[in-house]
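Just so you know, these numbers use all the heavy atoms, side chains as well, and skip hydrogens, waters and symmetry mates.
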Amino acid sequence: MSTDAPLLALHGLVKRYGGLLVTDDVSLAIGRGEVHAIIGPNGAGKTTLINQIVGEVRSDQGRIELGGSDVTRWPVHARARAGLGRSYQITSIIPEFSVLENVLLAVQSVRGHNFRFWSPATALPQLVEPAEACLQLVGLLGLRDRSAGLLAYGQQRQLELAMTLAIEPKVLLLDEPMAGLGPAETQEMIDALQAIKDRHAILLVEHDMHAVFSLASVCSVLVYGRIVFQGNPSDVKGSSVVRDAYLGDEELP
Amino acid sequence: MTSGATETATAKAETAVGASRAPAIAAIVLLAIGVAVPLYSAIADDSYTVALVSRMLVFALAAVGLNIALGFGGMVSFGHAMYMGFGAYAVLLLGTAGIVNGWLQLAILFAVVAVIAVVVGWIALRTQGIAFIMITLAFAQLFFFVFVSLKAYGGDEGMSLAQVSGFGPLTGNRIALYYSLLAALVVAVYGAHRLVGSRFGLVLRATRINERRVKAVGTPPLPYRLAAYVLSALVCALAGFFLANLTGFVSPAYLAWPVSGELIVMVVLGGVGTVVGPVVGAVGLLLLEEILKAITEHWMALFGPLIVVIVLVLRRGLWSMLPGTHGDDEKGTRS
Amino acid sequence: MSFDLLLTQILNGLQFGLLLFLMAAGLTLVFGIMSFINLAHGSLYMVGAYFAAVTFAHTDSFVLSVVVAVVALFVLGFILDRLGFSTLHKRDHLDQVLATFGVLLFANEAMRIIFGSTPLYMDTPAALSQPVQILGFNYPAYRGAIIVAGLLVALGLHILIDRTRVGMLIRAGASNRSMVSALGVNIGWLNSFIFALGAALAGLAGAMVGPILSIQPGMGEPILILTLVVIVIGGIGSIRGALFGALIVGIVDTLGRGVLPSLLFLVLDPATAAAAGPALASAGVYVLMAAVLAFKPEGLFPVKHT
């Protein structure tokens with residue numbers, strides 16, 4: 001476990017939609033080099049939790065700290081610039097752009113200002129080199145000029161990850177990165193995440209338990225918005241609380 | 001990652017399409033026609049053609065301007081005619097106030113339009129979708145009524161210019177006016193071409209397609225949208241400036257909301273988000289109007305349904321029918 | 001400015017506001033539920049006015065004229081949606097704007113072809129041509145009738161929306177379109193009904209305005225634009241917003257034109273006041289809209305979306 005101050009800390013997050021309590025007093029902390037997995041049955045509120053951390057949804061109560069700063073009231077883009085990267089469960093890229101342009105978009109957010117109207121972005125080495133490095137990391141460099149909308153699904157998920165990494169985040173929020181991937185692609189994704197995890201604090205929402213066991217050092221189980229278990233992934237299997245919550249919903253390997 | 005012969009083949013096919021010469025050739029042909037028209041008119045003693053083509057150039061310039069906001073930025077502004085109106089009225093109002101020098105008029109015009117566009121744009125951009133469209137329309141109406149109420153400047157009838165903008169020895173020179181308009185259009189189109197691939201252009205286009213993602217990578221959309229809106233307003237103002245000098249007449253009709261509607265039709269007809277499309281759309285629409293007017297005095301009864309047809313059928317616009325051209329609606333390289 | 005005159009202006013504003021409400025109610029429902037921008041809504045108003053004028057010219061019965069206009073527009077609206085507009089519901093806003101713009105141009109020209117450009121006039125119905133006594137002064141009975149009619153329609157809409165099954169579907173649709181469809185409601189027919197209802201209200205407005213304004217091609221667009229302002233101020237999809245927005249716009253616009261120029265003369269020199277008066281009066285509503293949007297972009301009474 002890292003002994004540095006946590007890069008991401010959640011304190012008592014609460015969120016209601018009308019009478020429905022979607023996030024029930026969620027707290028956790030993630031330090032550099034840690035992978036904290038969140039698992040739970042469908043409808044447990046995992047994506048809503050991520051949306052609150054990212055800033056797309058405003059929590060009713062609680063505090064979110066990023067690298068020590070209280071970002072609870074910050075807009076989405078400010079949190080991103082402060083080092084919060086997020087990948088989406090449903091792939092969110094720019095299909096009309098090339099693969100390279102997608103990553104350039106992310107790179108140029110964090111390098112200099114964008115009120116430049118003349119030079120083609122694809123010709124600027126200070127942008128292209130970091131972008132290509134990210135593509136190299138996820139194995140998409142060979143497809144850099146391909147239109148992103150023409151990529152296979154698995155490749156789009158990789159692009160999704162590349163864009164998230166391109167903003168040089170300290171914290172990564174990964175919302176089901178394995179969603180829809182076959183076994184080989186899942187392994188590739190796991191390998192990619194293994195390669196980078198030491199440099200970041202990662203919050204990983206996943207259903208794929210193989211990925212969780214391969215990557216996570218801590219696992220929280222979210223049921224009806226509440227964390228019912230937080231500890232070693234290997235202890236999850238043995239927990240009766242978790243078994244009761246999951247019965248019929250998920251397969252525990 | 002699986003890479004294979006099929007992928008390389010696809011990539012090759014795409015680069016072939018992207019490198020198609022058709023768009024460049026077509027653009028050069030259009031330019032050549034534009035250059036030749038005054039010469040033709042002088043030889044054939046046909047002033048009508050020059051006047052018509054000049055009008056087309058004015059609206060082509062305005063359409064290129066609107067395309068920056070609408071095509072690249074996705075902002076459906078139903079009020080851009082008001083910026084053309086400002087351009088036209090600047091010549092009248094400033095000229096009457098004793099400011100006759102054309103460059104000075106332009107400088108003041110741009111300063112004023114920039115301020116107004118920032119204010120209007122900022123208010124309008126607080127909304128989206130339907131509300132945005134309606135607000136831009138409402139603002140255009142506001143200024144329409146303001147100009148109508150200026151009785152001293154012709155009110156709702158409009159007024160002839162006492163003098164055109166002064167450009168030294170070229171003042172009043174119709175040839176110089178035409179070619180400077182053509183040059184302005186060429187510069188605008190080229191500028192749009194550079195804009196599209198620039199850092200700014202990338203952000204702007206991404207904001208139209210996937211705003212959520214843009215925010216998630218750390219870029220706030222608003223400053224870029226606002227800048228694009230202001231830039232497009234300035235280009236339209238320039239078009240209005242030319243219009244007043246061409247016709248020698250200024251009237252609130254230049255800001256009437258149907259004009260804003262026609263500008264949008266021009267952009268869509270030409271191809272939303274392409275670079276040369278707006279020019280084609282403007283020329284095409286005005287040509288269509290001329291043809292219809294020749295058929296019947298009730299040409300609007302044909303024009304209206306044709307617009308509906310254009311919208312429903314010509315989804316990608318005329319320019320996109322050339323191989324190798326794509327707007328941001330299409331996957332592929334853009335031109 | 002005498003008190004009587006001010007009161008007259010306020011009542012005129014109320015009357016204008018209720019007329020705008022008739023237009024805005026239909027438009028906001030169509031926007032809110034079907035996400036469909038219909039710039040041809042003003043054309044429906046115009047066609048309603050023409051229906052009424054023609055019926056009145058042939059029958060001399062004002063009541064019949066209004067009924068014909070309302071029914072004809074309901075049917076017309078239903079047919080328009082079933083046969084054409086429903087394809088536009090799925091398109092993006094840009095397409096809708098342009099297509100209905102084309103329809104609008106066509107409608108104006110069609111009226112010009114059929115009736116010519118010369119305005120038509122409707123007489124005020126005999127029963128309402130005398131002034132009535134309100135609070136000790138005279139007010140045209142016909143305008144008073146419009147106010148009454150407008151309030152009745154507002155009440156009727158309230159009952160329809162809040163107390164009937166159809167109304168419940170409408171409210172649900174405004175809040176969560178896809179859910180209503182998923183519940184098995186024939187969304188196509190519901191949409192067409194809503195569109196027809198909006199058209200009928202526009203027709204009613206057009207019919208009632210006949211005795212006050214001249215009926216001519218292009219009369220719909222100035223009203224349309226003000227209606228759009230009403231909806232933006234009130235909140236898209238919200239009937240309550242349409243009502244209050246319409247009343248606010250109606251009163252501000254009428255008072256602005258009636259009172260503001262006089263006020264300006266008190267403050268500014270005559271030449272400036274004479275020049276600025278009409279401009280500011282027309283601008284008043286738009287300034288109001290800008291102010292509302294600066295603080296509440298979603299309008300004053302927004303519909304909560306799920």
Side-chain angles (χ1 to χ4, degrees), chain A residues 54-56 75-88 92-98 101-102 104-110 112-124 127 138-140 142-143 145-150 152 154-155 158 163-164 166-167 169 184-185 188, chain B residues 1-4 6-8 10-15 17-19 68 72 74 190-224 226-228 230-231 272-273 326-334:
Chain A
V54 157
E56 289 179 2
V76 173
H77 63 86
R79 300 187 202 197
R81 300 201 94 169
L84 188 62
R86 185 248 175 105
S87 81
Y88 290 84
S92 178
I93 57 176
I94 318 281
E96 290 83 350
F97 284 6
S98 70
E101 284 172 331
N102 268 276
L104 278 180
L105 182 68
V107 171
Q108 68 184 39
S109 271
V110 295
H113 74 81
N114 288 309
F115 280 88
R116 299 194 199 280
F117 306 84
W118 197 255
S119 313
T122 46
L124 298 172
L127 298 182
V138 300
L140 284 179
L143 293 175
D145 293 318
R146 175 77 59 87
S147 174
L150 295 177
Q155 294 165 329
Q158 287 167 322
M163 288 177 80
T164 311
I167 66 172
E185 292 166 321
E188 280 172 24
Chain B
M1 188 186 73
T2 49
S3 56
T6 39
E7 287 200 357
T8 339
T10 329
K12 280 213 182 92
E14 278 178 13
T15 2
V17 162
I68 295 174
F72 304 143
Y190 186 65
H193 170 67
R194 299 296 299 217
L195 187 74
V196 153
S198 70
R199 290 179 71 158
F200 179 85
L202 221 60
V203 172
L204 182 67
R205 287 157 55 208
T207 307
R208 180 184 75 88
I209 297 167
N210 190 343
E211 182 180 343
R212 200 181 181 205
R213 217 347 150 178
V214 170
K215 288 187 196 170
V217 299
T219 300
L222 180 62
Y224 298 89
L226 190 54
V230 173
L231 190 56
V272 171
H326 299 279
D328 266 338
D329 287 343
E330 296 294 310
K331 304 167 170 104
T333 49
R334 48 189 351 285

| said: Ring-plane angle category for A:W118 and B:Y190, please: parallel below 30°, perpendicular beyond 60°, tilted otherwise. | reply: perpendicular

With chain B, the option among A:T122, A:L124, A:L127 that has the most non-hydrogen atom pairs under 4.5 Å is A:L127

Note: vs chain A, highest number of non-hydrogen pairs under 4.5 angstrom among B:P220, B:A227, B:G191, B:A216 is B:P220

Applying a strict 4.5 Å limit to non-hydrogen atoms, the region of A:I167 in contact with chain B is side chain

**Minimum side-chain heavy-atom gap A:I93-B:N210 below 4.5 Å** = no

Report yes if the side chains of B:R194 and A:P120 come closer than 4.5 Å at any heavy-atom pair, otherwise no. yes

Okay, A:E185 and chain B: the region with an atom under 4.5 Å from a heavy atom over there is neither

> Just wondering, do A:P95 and B:I209 contact through their side chains at under 4.5 Å, heavy atoms?
Replying inline: yes

Of B:R213, B:K215, B:R212, the one forming a side-chain contact (heavy atoms from CB on, under 4.5 Å) with A:R86 is B:R212

Closest heavy-atom pair, B:G218 versus A:S109, reported as atoms and distance to 0.1 Å, is C-OG, 4.0 Å

So, the part of A:S98 with a heavy atom under 4.5 Å from chain B: the answer is neither

request  = Look at the side chain of B:S198 and the backbone N and O of A:R116, then say whether any donor-acceptor pair between them is shorter than 3.5 Å.
outcome  = yes

